[in-house]
Amino acid sequence: MTALDQLADDIRNAHHIAVLSGAGMSTESGIPDFRSANGLFTGNRSFADVVSIDYFMDDAAGFWAAFREIFKIKLAGGYQPNAGHAFLADLEKNHGKRVSVLTQNIDGLHHKAGSDEVLEMHGSLMGATCLFCHTPHDLAWVQQHDVPRCRSCGMVIKPDVVLYGEAVPLIEPAFELATQADLLIVMGSSLEVGPVNMIPLEARRAGVQTALINLSETRLDHAFDVRIEAGIGDTCRRLGDLLA
């Protein structure tokens, strides 16, 4: 039995599927991995310095200028879900599966594809919130202002992205969902960033079947029962054919 056939069987037999999606899911929609951004953005500040809560608090105007430059392609919009996003939504709509999407991506494409249960562990580019009065603002509002200020209290608002130096607020529910599922599929993640990269290890310890779809090997390949080194879109199209 091939790895693809085994994964198709695992999906058929699973009621609750958890999916951990990484940058490889977004790049198949044409969105570059933001971590590949090059150079220094503000004086002698590195990428990690710029996209940090400390820089936002110290220089909100400088932060927003750099943030827009780094994420200008994503903020421009126009990107669409790919076959991988569509496959996960289809498992819910047409195969009766509960699919808990635990994503490292901030582009909102899982929601756009129609997945109902999405935990955006690193936040979202689709809005911003005031840290002082907690008023939310959508992306359209943010795009209208170089340095967006809260329409309620006038303070500079922070993008709804988890910045360097901030805790990952949804990490505990993500671990809980992954360890309670019947099957965990990691899609398009190099599993280099903690604590998210511990999710498949904890799921395996909990007795959950684990599968990895990624273009290259990872340091955590040993944590998976099934490994498929291939593109997400092509793999999901083939899985869809097997499950039809």
Chemist: Tell me whether E229 at atom CD has more than 12 heavy atoms from other residues, nucleotides or ligands lying less than 6.0 Å away.
Modeler: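 Above 12, so yes.
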Chemist: Let me see the working for D5 and R238 under side-chain contact (heavy atoms from CB on, under 4.5 Å), right down to the final yes or no.
Modeler: CA-CA 10 Å; D5 289 327; R238 292 165 65 197; over 6 Å; no
Chemist: Does the side chain of L243 reach to within under 4.5 Å of the side chain of F87, using non-hydrogen atoms?
Modeler: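 They are in side-chain contact.
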Chemist: If hydrophobic clusters are built by linking Ile, Leu, Val, Met, Phe, Trp and Tyr wherever their side-chain heavy atoms come under 4.5 Å apart, do I106 and F56 end up in the same one?
Modeler: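 Yes; F56 is reachable from I106 via cluster members.
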Chemist: Donor-acceptor check, side chain of H15 to backbone of D182, threshold 3.5 angstrom: yes or no?
Modeler: no
Chemist: I'd like to check F175 versus I199 (side-chain heavy atoms, cut-off strictly below 4.5 Å). Are they in contact?
Modeler: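 With C-beta onward as the side chain, the pair touches.
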Chemist: Given the rule that I, L, V, M, F, W and Y join up when any side-chain heavy atoms are under 4.5 Å apart, are V193 and V19 in one cluster?
Modeler: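 Each belongs to a different hydrophobic cluster.
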Chemist: E166: which residues meet the side-chain hydrogen bond (donor to acceptor under 3.5 Å, both in side chains) condition with it, sequence neighbours left out?
Modeler: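 Result, side-chain hydrogen bond (donor to acceptor under 3.5 Å, both in side chains) vs E166: K158.
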Chemist: Which atom pair, heavy atoms only, marks the closest approach of L184 to P200?
Modeler: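 Residues L184 and P200, closest heavy atoms: CD2-CA, 3.6 Å.
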Chemist: Hydrophobic clusters here meaning ILVMFWY residues chained together by side-chain heavy-atom distances under 4.5 Å, can you tell me if M126 and V168 are in one?
Modeler: no
Chemist: Between I11 and I185, is any pair of side-chain heavy atoms under 4.5 Å apart?
Modeler: yes
Chemist: Does CG in D241 sit with more than 12 non-hydrogen atoms of other residues, nucleotides or ligands closer than 6.0 Å?
Modeler: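 Yes, because the 6.0 Å sphere around CG of D241 holds more than 12 heavy atoms from other groups.
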Chemist: Determine whether the side chains of T218 and D221 contain a donor N or O and an acceptor N or O closer than 3.5 Å.
Modeler: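 Indeed, the side chains of T218 and D221 share at least one donor-acceptor pair under 3.5 Å.
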Chemist: Taking W64 for its side chain and P159 for its backbone only, find out whether a donor-acceptor pair lies under 3.5 Å.
Modeler: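 Answer holds: no.
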Chemist: Quick one: CG on L220 to OG on S190, what's the gap to the nearest 0.5 Å?
Modeler: 9.5 Å
Chemist: State plainly whether the residues D9 and R12 are in salt-bridge range, i.e. N to O under 4.0 Å.
Modeler: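 Salt bridge: yes.
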Chemist: Show your working on side-chain hydrogen bond (donor to acceptor under 3.5 Å, both in side chains) between T129 and D160 and close with a plain yes or no.
Modeler: CA-CA 6 Å; T129 302; D160 292 337; 2.8 Å; yes
Chemist: State, with a plain yes or no, whether a side-chain heavy atom of D225 is found less than 4.5 Å away from one of R204.
Modeler: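 They are in contact (side-chain heavy atoms under 4.5 Å apart), so the answer is yes.
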Chemist: If you look at every heavy atom in S21 and N105, which pair is closest and at what distance?
Modeler: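 Looking at all heavy atoms of both residues, the shortest contact is OG-ND2, 3.9 Å.
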Chemist: F224, I213: one ILVMFWY side-chain cluster at the under-4.5 Å cut-off?
Modeler: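 Result: no, two separate clusters.
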Chemist: I need the minimum non-hydrogen distance between A89 and A113, along with the two atoms involved.
Modeler: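 Scanning both residues, the minimum pair turns out to be CB-O, 3.5 Å.
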Chemist: Enumerate the salt bridge (Lys or Arg N to Asp or Glu O under 4.0 Å) contacts for residues 93-103, please, sequence neighbours excluded, ordered by first and then second residue.
Modeler: K93-D116, R98-E117
Chemist: Would you check if there is a donor-acceptor pair between the side chains of S115 and H85 at a distance under 3.5 Å?
Modeler: no
Chemist: Okay, side chain of E28, backbone of I232: is any donor-acceptor separation there less than 3.5 Å?
Modeler: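 Indeed, once roles are kept as given, a pair shorter than 3.5 Å links the two residues.
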Chemist: Is the closest side-chain heavy-atom distance between H16 and L177 below 4.5 Å?
Modeler: yes
Chemist: Just to verify, which of V196, T103, V161 counts as forming a side-chain contact (heavy atoms from CB on, under 4.5 Å) with H122?
Modeler: V196
Chemist: What I'd like to find out is whether the side chain of C236 reaches to under 4.5 Å of the side chain of M187, using heavy atoms alone.
Modeler: yes
Chemist: Any side-chain heavy atom of L20 sitting closer than 4.5 Å to one from L191?
Modeler: yes
Chemist: So, do L4 and T235 sit near enough that their side-chain heavy atoms are less than 4.5 Å apart?
Modeler: yes
Chemist: Tell me whether L88 is reachable from L239 by hopping between hydrophobic residues (I, L, V, M, F, W, Y) whose side-chain heavy atoms are closer than 4.5 Å.
Modeler: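 Both belong to a single hydrophobic cluster.
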Chemist: Determine the interplanar angle of the F67 and F63 rings, folded into 0 to 90°, and report it as parallel if under 30°, tilted if 30 to 60°, perpendicular if over 60°.
Modeler: parallel
Chemist: For a quick test of reading the model, state the closest non-hydrogen atom pair linking P173 to L170 and the distance between them.
Modeler: CD-O, 3.3 Å
Chemist: Within the supplied structure, the quantity of interest is the number of heavy atoms (other residues, nucleotides, ligands) at a distance under 6.0 Å from E172 CD; does it exceed 12?
Modeler: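 Open: at most 12 neighbouring heavy atoms sit under 6.0 Å from CD of E172.
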